[in-house]
Structures are given as structure tokens and as C-alpha cells.
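As a basis for the values below, the full set of heavy atoms in this structure was taken, side chains included, without hydrogen atoms, waters or symmetry mates. Atoms within each ligand, like the ligands themselves, are counted from 1 in listed order.
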Amino acid sequence: MKIALGVSGGIAAYKSAEIVRLLQDRGIRVQVVMTRAAQEFVRPLTFAALSGEKVITDLFGSDDSQANVESAIEHIAIAQAIDALLVAPATADILAKFAQGIANDFLSTLYLATTAPVIVAPAMNVNMWNHAATQSNLEILRQRGARIVDPGSGYLACGMTGAGRLAENEAIVAAVLEALGVSQDLAGETVLVTAGPTREKIDPVRYLTNRSSGRMGYAIAEAAVRRGARVLLVSGPVSIAPPGAAELIRVESAGEMLAAVLKLLPECTAIIKTAAVADFRPRIASEQKIKRKGPATLELEPTTDILAEIAQYKKSHAANSPNANFPIVIGFAAETENVLENARKKLSAKSLDAIVVNDVSREGVGFDSDRNAVTIISHHEVIEVPETSKWEVSQRVLDQVVKLRRHRTSAVR
Ligand code: CTP
């Protein structure tokens, strides 16, 4: 998801830097567009460094170079690529241009060229804000469907007191998320996601592992961030990039994953265990590289079942504090036969609230793929999710967290 953030020339321009960060925390890419006046308040470099994207500062360059010809048509490409246009702070001048359809710089041209939702967060002197011209321009924009994040009242940079202060960043970000249709239904949850495979050491150069790529867990982590959760991502070794706003804890072995999960348990309100944890590890990891003398036998012992430990923790706490609010726990199971029956057994054996099962005997889904087909089984329902992207599967799994939370809340009442 990508938005354009238009920064126009007001003293509040510096506050937009924080807005860039808050949006990025929600997994949204930000293309900053600055008006000439905005550049008098904040240097484009600040926004370029924060957003990781080139900042657009002008409609036309000063010569006929190819780069300038390209930049002159860039507004059309950007207008089509963005999911929303936010202007913060929006000065009286830019609001007037938008209302009248004047397109004489990049930002005002972008406004006319985009069909994406528009959000404006005005900031100006109180008299300018109250002026009939400004108010009627705002009314025009409102009627065209733009969302106006009204300024707050207080002491203004011009020395006067009244309406005109840029709204709180959180209110601006919430308006953007609403415009994007991104639900914040996991706000307040701390979701612990385990992802990827584990590596069990055989000797200094060899280990046992499995085909898990981490994609399912990383997709869930990213989706949960976007839905407003704080996300703790405990990950085995994978080669994909983690979602920026998740708190990443890297682990190697099943033992390390267990330790990390138990440490984080008191902080989290939901646990989603997508990790393909090794079931066995070499009983003894050799200190020295094992020489090629055969035949060799590897003696294995089972690893500790992390979910069983979580269930144990739950039980011991239930005895001590019966009203305690335990995390919602969702497990994953990869099965090749008797898929639903085995999953149901795991649901109760591991004291889970729900289990997401995939039939890994099917071609093209599950391990090492961007697609998956799963069945989500809870104590209340069975939901089939036919083959789709792992992103869509993530959303269905997170819907389940929301539902289970509602069940718990209504059960307490
Ligand atoms: N799991 C775990 N700790 C382990 C092994 C598995 O927490 N040591 C979790 C996985 O992260 C997953 C769920 O248990 O969420 C089911 O994993 P799976 O390997 O299907 O279950 P097992 O109990 O190992 O059963 P099986 O005998 O079918 O392998």
C-alpha cells in the first residue's frame, strides 16, 4: 500500500516527519511531495531519509534534460500508483488551489490527477482558518468527498490562540487508515508470531532443518501490524525480509524458540504459532566435525513441544488466578493424511483456541510457496479457506483472533 504525503508550507511541516514514521509502522509506503514553501521550513533531505524514497519538490526542472521530461509526467504515474493522498499540513493556499482546481505545482496537479481518496489536515493562523474563503473552500472539498481532519485549538506559532493547530498525528493517521479501508480491529493486542524453521545442530557445520520459508508467519506478522497490533516476531532462520514494524527476535533451534516464547508470554495477548519447529534434534551435538566414516547413525531425541509448555503455563496460572486473561493461542498443523481428524486431536491435546491446518500433500501450496489452502478449526466453527495468497490466509487467521476475543469478552460479561 502506498500513499502520497503532500507537505505544504506551514510551521507545522516538521510534524509530518513523525506522520511518515507512523504510516510506515503500519506497513504503508510514503511518497513525500513538498511545495516550494514547505521547503523553507523543512529540508527535503529529512523526508527522503525517513521515507526511503526520493522527495518530489517540483513540477518542472530548470532544463530540458530527459530527467526533467520524465519528472513532468511523473505526477500521472504517481497519481495512479497511490492508494490515498494526504496533505499535512494543508495551508489555506493549497486548500484554495484544490478547491478551485488550480494546478500550478506538483501537489496541486497530483490532486487533480488522482482518483484516490484525499485527506487534508489543515494548519494555519486562527483568522485564516475562520475566514469565509477558507471555510467555503473546505466545504467544496468536503462535498467532493475529501476527509478533513479538523485542526485543534490552542496556542499557535503566530502568537495567537484559537483553532488552527495541526490535528494530532494519531488522528491524521487514523483518518488515512479509514480512507484506505484498513481496519484497526487488533489495536490493543500484542500478538506473538513464531515463524520459519528451526535448525538443530549435528556438528559445527551440519544441522537438521525443514522446508519452511517463514512466508506464512511473516505475512501474519505484517497483516497484524497493519490491523493495529503490536507484533513480536520470533523467527527461525529465513531469507525473507521481516515487516519493519514488528519486533524481531531471531532464534536458531527449537530450544531457543522455546526460551524466547516463554520469556515473551507474559506480554502477549495472542500467540500464533506458524513455526515449523523441529520435532527431533540430535541427542548429542558433536563439538567437532563428524568425519566421513561409515556407516554412521544419528541418534535423535524429541524437542520440547512449545505449545504444550504454553498450555502448562496456562494451567498453572489458572490455578493461581482463575480470572486471569490468557493469550488466545492459535496453532498450525501440516498434515499429509487424516487431515481434519489429526488437526482436531491437536486442537484439544495442545489446549488451543484454534488450529489452522494445511494439507501439505497438495502440490503448489504450503511450504515454500506464496499460496496456501487451509482449514481453520476452533471450538465453535470450521472455516474452509480455499487456495489463495498467504496474505489472504493471514487475514482470515486474524479474523479468528478478533472473533475469539469477542467470544471471551462476552463470556466474561
Ligand atoms: N509445535 C511446537 N513445538 C514443537 C513442535 C510443534 O510448538 N516442538 C507447534 C507448531 O508450531 C505448530 C503445532 O505445534 O503450531 C503443530 O505442529 P506439528 O508439527 O503439526 O505437531 P506435532 O505435535 O509435532 O505433531 P506431529 O506428530 O504430527 O508432528
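Atom 27 (O) of ligand 1 lies below 4.0 Å from none of the non-hydrogen atoms of the protein.
Closest protein heavy atom to atom 3 (N) of ligand 1: Ile306 N, 2.9 Å. The protein non-hydrogen atom at the shortest distance from atom 18 (P) of ligand 1 is Lys346 NZ, 3.5 Å. Counting protein heavy atoms only, atom 17 (O) of ligand 1 is closest to Phe332 O, 3.6 Å. Scanning the protein heavy atoms around atom 9 (C) of ligand 1, the nearest turns out to be Leu307 CD1, 3.6 Å. Closest to atom 2 (C) of ligand 1, if we only count protein heavy atoms, is Asp305 OD1, 3.3 Å.
Heavy-atom distances between Ala275 and ligand 1 reach below 4.0 Å in at least one pair. In this structure, Lys350 has a heavy atom closer than 4.0 Å to ligand 1. For the ligand labelled ligand 1, residue Thr304 lies inside the 4.0 Å heavy-atom shell.
The backbone N or O of Gln31 lies less than 3.5 Å from no partner atom in the side chain of Ser51, so there is not a single donor-acceptor pair. Here the side chain of Glu200 pairs no donor or acceptor atom with the backbone of Tyr207 at under 3.5 angstrom.
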As a quick check of understanding, evaluate side chain to side chain donor-acceptor pair (under 3.5 Å) for Glu139 and Gln135, giving each step before the final call.
CA-CA 6 Å; Glu139 192 48 39; Gln135 289 303 320; over 6 Å; no

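You'll find the side chain of Leu107 reaches within 4.5 Å of the side chain of Ile94, heavy atoms only.
Proximity of Asp279 to ligand 1, defined as any heavy-atom pair under 4.0 Å, is confined to the side chain (atoms from C-beta onward). When non-hydrogen atoms are compared, ligand 1 lies under 4.0 Å from the side chain of Thr303 (C-beta onward) but not from its backbone.
The shortest N or O to N or O distance between Lys273 and ligand 1 is below 3.5 Å.
Looking at Arg227, Arg230, Arg405 one by one, the single match for salt bridge (Lys or Arg N to Asp or Glu O under 4.0 Å) with Glu189 turns out to be Arg405.
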